[in-house]
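These numbers come from a predicted model, not from an experiment. The chains referred to below are lettered A, B, ... by the order of the sequence lines, with proteins before strands, and numbering in each begins at 1.
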2 protein chains.
Amino acid sequence: MTAPTRRERLRTATLAEIKAGARRLLVTGGIDAVSLRAIARDMGMTAPAIYRYFPSLEALVAALAADLFDELRLGLEAARDAAGGEPVDQLLAMCRAFRAWSVAHPAEFGLIFGAPTPGLATFVDDCVDPDHPGARLGAVFLAPMIDLWHRSPFPTPPVELIRERLGDRLEPLRLSHGDIPIEVTYTFLAGWTRLYGLIAAEVFQQLTWAVTEPEALFELELGALAGQLGGVDRPDGTAR
Amino acid sequence: MTAPTRRERLRTATLAEIKAGARRLLVTGGIDAVSLRAIARDMGMTAPAIYRYFPSLEALVAALAADLFDELRLGLEAARDAAGGEPVDQLLAMCRAFRAWSVAHPAEFGLIFGAPTPGLATFVDDCVDPDHPGARLGAVFLAPMIDLWHRSPFPTPPVELIRERLGDRLEPLRLSHGDIPIEVTYTFLAGWTRLYGLIAAEVFQQLTWAVTEPEALFELELGALAGQLGGVDRPDGTAR
DNA sequence: TCATTTGAGTGAACGCCGTTAACTATCGCA
DNA sequence: TGCGATAGTTAACGGCGTTCACTCAAATGA
């Protein structure tokens, strides 16, 4: 592990500046505003120079997406670590942190959780890879849920039903995370899609016709989720 | 209501052909492949001619989105009408039809349920309009749920809690659909975001790292939803 | 019937875009 | 000191949305 040469330092700095410019354009003008020429212009460069750093615009966007996944995951881990040792508290803190990041960064959320660009499909296609960003993010939620299950099992549908319906179809998850109690797997997937639906609906403005301040709905649903995980005994299902 | 003139007939035909071409490009190449020049090329025309029909590409895409909303809504209504008179059966049939359409038309789903294009925001911004496509679609689910509530109320969180958390924030929904029992409102919103999350996660390929055949998960969750609506008394929560 | 107005479509142009190719200058190292 | 690798340039190609001036056929009205 030798020290980086001067060239390497300059290179990584330029690389970071390119991605920063791409993100700035993404935030201010949407994904369509992210163009090599605009990035280069902002840097006082010309567009073809960027090809020394990325083989194509698509690859640049994929790299940006990977960075965003990491940023989000680190944020969730920080929220988890600040939530104390109770798995339910950790899960709730992570759900709230997930929503907060998403609402604060709608363009970034759209890039990594929205409709996959036909060209960006390569980024999502290697789903068997355990280092797939989605899998790494899922793991952050999965671990406390497994922890909780071992401390105090939460109610689920009958295991035979889950196994019959889902059993054969969990190969990707098994490949990336090993064997997990199938009740936990089901609860995780159900919770994940629910969380995803709440956040995506809000960020993608699919609730504007119905409700202002979707956070209120989010908190209500979080209470219901927490109730199902048995973490709270208040009769009204309120989250702590 | 006089008969359309020859000119009008030709105009509507050309208009439909433009939108059909746009949709074909959307399906085969994603939203980025929808270009005035490509549409015109397929029609044996030149791009500026399309400006006789739409003021901009963005307006064309917005019109296409409105058509897709209608197509989906009509499909859901057909599924409802084919499901018999039981509200729970109607709701389940509509949920399945929603998923089937979305999985069969991922590009179209992405257009109307994905991240709003900054330019397309005008399309979603007039959320107060009761004829907003989202509101019209929501109504299709809302009606059977109200019906069900009046026939046999389903369990919900305490009404005081819902009212406290959600009460003031339902103005948009009230404007488009009038007063609705707040328990129904909550159950509808919770169910809508859950359904949306399941379908969007599948269509946007956010589950590939975890599960093959997301339909199995969808059916499991549908069973849980039906169970919560009290429509099924089977102990395993299976949908009919 | 004939002149006129309207509407649909064309072609050229402008400024964006991604990408490639040929070229230049500088940095780091032997 | 010289040389190869590296980072940048300019020019060009084709594609894009959009505008403008123009043509030509169809509808309209006296």
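Distance B:E58 CD to D:dG17 C1': 12 Å, rounded to the nearest Å. Going from atom CD1 of B:I39 over to atom P of D:dC16 covers 10 Å, rounded to whole Å. With rounding to whole Å, B:F54 atom CZ is found 13 Å from C:dG9 atom P. Distance CE (B:M45) to C1' (C:dG11): 14 Å, rounded to an integer number of Å. In this structure, the CG atom of A:L60 is 12 Å from the C1' atom of C:dG18, given to the nearest Å. For the pair A:L10 CG and D:dA7 C1', the interatomic distance rounds to 10 Å; values are reported in whole Å. Taking atom CD of A:E17 as the reference point, atom P of D:dA7 lies 14 Å away to the nearest angstrom. Taking atom CG of residue B:L57 and atom P of nucleotide D:dC16, one finds them 11 Å apart after rounding to whole Å.
Under 3.5 Å, the side chain of A:R37 and the base of C:dG18 form at least one donor-acceptor pair of N or O atoms. For A:R52 against D:dG8, a side-chain-to-base donor-acceptor contact under 3.5 Å is present.
Taking for each of B:Y53 and A:V34 the nucleotide of DNA chain C with the nearest heavy atom, the 5'-most of the two is the partner of B:Y53. Nearest-nucleotide mapping onto DNA chain D: of A:A49 and B:P55, the residue sitting toward the 5' end is A:A49.
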### Task
Please lay out, stage by stage, how B:E17 and B:Y53 fare under the test side-chain hydrogen bond (donor to acceptor under 3.5 Å, both in side chains).
CA-CA 11 Å; B:E17 193 184 348; B:Y53 299 87; over 6 Å; no
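Listed pair B:T46 / C:dG9 fails the phosphate criterion, with no side-chain N or O lying under 4.0 Å from OP1 or OP2. For the OP1/OP2 pair of C:dA8 and a distance below 4.0 Å, the side-chain nitrogens and oxygens of B:R11 include at least one atom meeting the criterion. Close to C:dT20, at under 4.0 Å from its OP1 or OP2, lies no side-chain N or O of A:Y51. Phosphate proximity of C:dC17 to A:R41: present, with a side-chain N or O under 4.0 Å from OP1 or OP2. The side chain of A:R9 places no N or O atom within less than 4.0 Å of a non-bridging phosphate oxygen (OP1 or OP2) of C:dC27.
Under the 30°/60° scheme for interplanar angles, the aromatic rings of A:F141 and A:F98 are found to be tilted. A tilted orientation is assigned to the rings of B:W101 and B:H105, their planes being inclined by 30° to 60°.
A:R194 and A:A224 make their closest contact through NH2-CB, 3.9 Å (heavy atoms, listed as atom of the first residue, atom of the second, distance).
Residue A:S102 is tested with A:F109, A:Y196, A:F113 for a side chain to side chain contact (heavy atoms under 4.5 Å, CB included); the sole match is A:F109.
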